Each structure stands twice: as C-alpha cells, then as structure tokens.
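Just so it is clear, the structure is predicted and the values come from calculations on it, not from any experiment. What you see below is based on every heavy atom in this structure, not just the backbone, and it leaves out hydrogens, waters and symmetry mates. The first residue in the sequence is number 1, and the count goes up from there.
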Amino acid sequence: MRTPTKFVPALLGLACGTLATAAFAAPQAYEVDSAHTYPSFEADHNGGMSYWRGKFNSSAGKITLDKAAGAGTVEMTIDMKSVDFGNQALNDHAQTADIFDVAKYPTATYTGKLAKFVNGSPTEVDGQLTMHGVTKPLTLKINSFLCKPDQRAGKERCGADASAQLNREDWGVNFGKTFGFKMDVTLRISVEAMAAT
C-alpha cells in the first residue's frame with residue numbers, strides 16, 4: 001500500500017518533532033563544582049554540652065537530571081582527609097582510627113536517585129552512604145533547588161541545599177559514646193553543579 005504523497009511531509013514533520021522532543025527531554029549531566037560544594041555536619045560534644053561543627057573541603061561527583069521525566073541520579077565522593085573543624089587538633093584527631101580512620105577509609109561515597117519531584121524539581125534523594133567501610137541507606141531532604149544559566153560559563157548551573165539525620169554509630173563511628181556523647185549527627189550539604197555540555 002502506497003502512502004499518499006501529501007501525507008509524506010506530515011509524517012516527516014511528526015517524526016522530526018518526536019526526535020526533537022526526545023532529544024530535549026534527554027537527561028542532562030552535571031559535574032559537581034567542588035569550589036562551591038560543602039558537605040558539613042553537626043555532632044554532639046559531651047552529652048549536650050555543645051556541638052562540634054565541621055565540613056569537608058574536598059568532594060567530587062556527578063549528577064544527572066531529567067526534569068520532564070522527574071528522574072535523576074547523584075554520585076558523590078568525599079575526601080575524608082579534608083575534614084575541617086576550624087581547629088587543627090580536632091582535624092588531626094578526626095583522621096585517626098578513633099573516628100574516621102582515613103588511612104584505612106580515605107573516602108566516603110553517596111549514591112542515590114532524585115525523587116519526589118514538585119514542579120520539575122526534586123525534593124529528596126533516596127540513596128546509600130558508604131563511610132568507614134559501612135554502606136547503609138540514607139535519604140536526603142532537599143530544602144531548596146534551583147537551576148539557571150551561568151552567565152560566565154554559558155552553561156546551566158544547578159544548586160541545592162540538602163539535609164539529613166543519622167546515627168554515626170550505624171557506620172561504626174562511635175568515639176565518645178562511653179563519655180556520654182550522643183551519636184546523632186545532622187548533615188547539611190550545599191552543592192552546586194555545572195552542566196557537562
């Protein structure tokens with residue numbers, strides 16, 4: 001059966017339109033900007049007497065985002081030797097076997113899927129944290145999320161603020177427990193990432 005000639009342009013237009021839509025909806029890859037990304041934490045000191053606050057100065061990773069499909073992925077690696085309390089004695093102690101044992105476990109990783117999209121933006125990351133040789137589920141709450149053009153780079157830049165609560169003993173980091181330190185830790189993560197293309 002021959003297709004009427006007058007329908008050929010229409011069919012070609014439909015095919016091209018479908019391909020264009022598929023290309024537009026393809027997931028976008030982003031490279032984490034380590035200069036604007038700070039995984040930080042708050043941990044109890046001495047059973048509620050005060051809080052230790054610190055951050056990690058070196059991290060890397062990639063993110064994919066498909067706004068149309070409401071999907072995406074996160075892959076992050078954190079250099080545990082870059083821990084920074086603003087106090088060198090604490091930094092040095094945190095790297096020992098008492099706490100992070102960076103000689104044995106030099107990095108921590110987080111992998112997950114962007115979830116619960118609202119108006120094209122994710123509100124959670126369902127993932128797993130590997131730290132101190134232990135891998136366990138950890139859900140991040142995305143408190144804010146924004147993508148917009150980066151005027152200097154000529155590419156899209158996305159940023160987010162995320163948080164989570166965890167029990168550090170679940171990852172084998174229980175220093176201070178015998179002294180009455182609480183094991184609860186609050187994670188606060190600011191991240192920016194630049195479109196790869």
Item to check | T186 side-chain N/O to E42 backbone N/O, donor-acceptor pair under 3.5 Å | outcome: no
Item to check | Shortest non-hydrogen contact between N46 and F179, atoms and distance | outcome: OD1-O, 4.0 Å
Next on the checklist: Measuring from atom NZ of K148 to atom CD of E156, what distance do you get when rounded to the nearest 0.5 angstrom?
Outcome noted: 11.5 Å
Item to check | Any side-chain donor near an acceptor of the partner, Q88 and D92, under 3.5 Å | outcome: yes
Item to check | Stepwise ring pair (Phe, Tyr, Trp, His ring centres under 6.0 Å) test for F181 and H45 | outcome: CA-CA 6 Å; F181 287 34; H45 179 251; 5.2 Å; yes
Checklist outcome for this item: Heavy atoms of D170 and V134 approach each other most closely as O-CG1, 3.6 Å
Checklist outcome for this item: dist L146:CG -> E192:CD (nearest 0.5 Å) comes out at 9.5 Å
Item to check | Exam field: side chain T77 to backbone A60, donor-acceptor pair closer than 3.5 Å | outcome: no
Checklist outcome for this item: Closest heavy-atom pair, Q28 versus A195, reported as atoms and distance to 0.1 Å, is NE2-CB, 3.7 Å
Item to check | Pair L65-F145, side chain to side chain contact (heavy atoms under 4.5 Å, CB included): steps then yes or no | outcome: CA-CA 12 Å; L65 176 63; F145 184 90; 3.9 Å; yes
Checklist entry - Short question: side chain of N174, backbone of K177 - any donor-acceptor pair under 3.5 Å? => result no
Next on the checklist: Is it the case that the side chain of S190 and the backbone of Y38 share a donor-acceptor pair, with hydrogens and angles ignored and the cut-off at 3.5 Å?
Outcome noted: no
Next on the checklist: Treating W52 as the side-chain partner and L90 as the backbone partner, does any N or O pair qualify as donor plus acceptor under 3.5 Å?
Outcome noted: no
Next on the checklist: Quick check: closest heavy atoms across M194 and D150, and the distance to 0.1 Å?
Outcome noted: CE-OD2, 3.6 Å
Checklist entry - For the atom pair CD1 (I78) and OG1 (T107), what is the distance rounded to the nearest 0.5 Å? => result 9.5 Å
Checklist entry - Are any side-chain N or O atoms of R168 and backbone N or O atoms of I99, one a donor and one an acceptor, separated by less than 3.5 Å? => result no
Item to check | Inter-residue atom distance Q165.CD - K141.NZ, 0.5 Å rounding | outcome: 10.5 Å
Item to check | Verdict with supporting geometry, D44 and D184, side chain to side chain contact (heavy atoms under 4.5 Å, CB included) | outcome: CA-CA 7 Å; D44 172 70; D184 297 332; over 6 Å; no
Checklist entry - When the ring centroid of F41 is compared with that of F85, is the distance short of 6.0 Å? => result yes
Next on the checklist: Just verifying a value: how many Å separate S121 OG and L114 CG, rounded to the nearest 0.5 Å?
Outcome noted: 10.0 Å
Item to check | Common cluster, M76/Y105, ILVMFWY with side-chain heavy-atom separation under 4.5 Å | outcome: no
Item to check | Derivation of the side chain to side chain contact (heavy atoms under 4.5 Å, CB included) call for L166 and L129 | outcome: CA-CA 10 Å; L166 61 82; L129 172 65; 4.1 Å; yes
Checklist entry - What heavy-atom pair brings F100 and M80 nearest, and what distance separates the two atoms? => result CD2-CE, 3.5 Å
Next on the checklist: Within this structure, what is the CE-CZ distance for the pair M183 and F175, rounded to the nearest 0.5 Å?
Outcome noted: 9.5 Å
Checklist entry - Between S40 (side chain) and K55 (backbone), is there a donor-acceptor pair under 3.5 Å? => result no
Checklist entry - Does the Y110 side chain pair with the main chain of L138, one donor and one acceptor, at a distance under 3.5 Å? => result yes
Checklist entry - Taking all atoms of both residues into account, what is the closest heavy-atom pair of N143 and S163, and its distance? => result ND2-OG, 3.2 Å
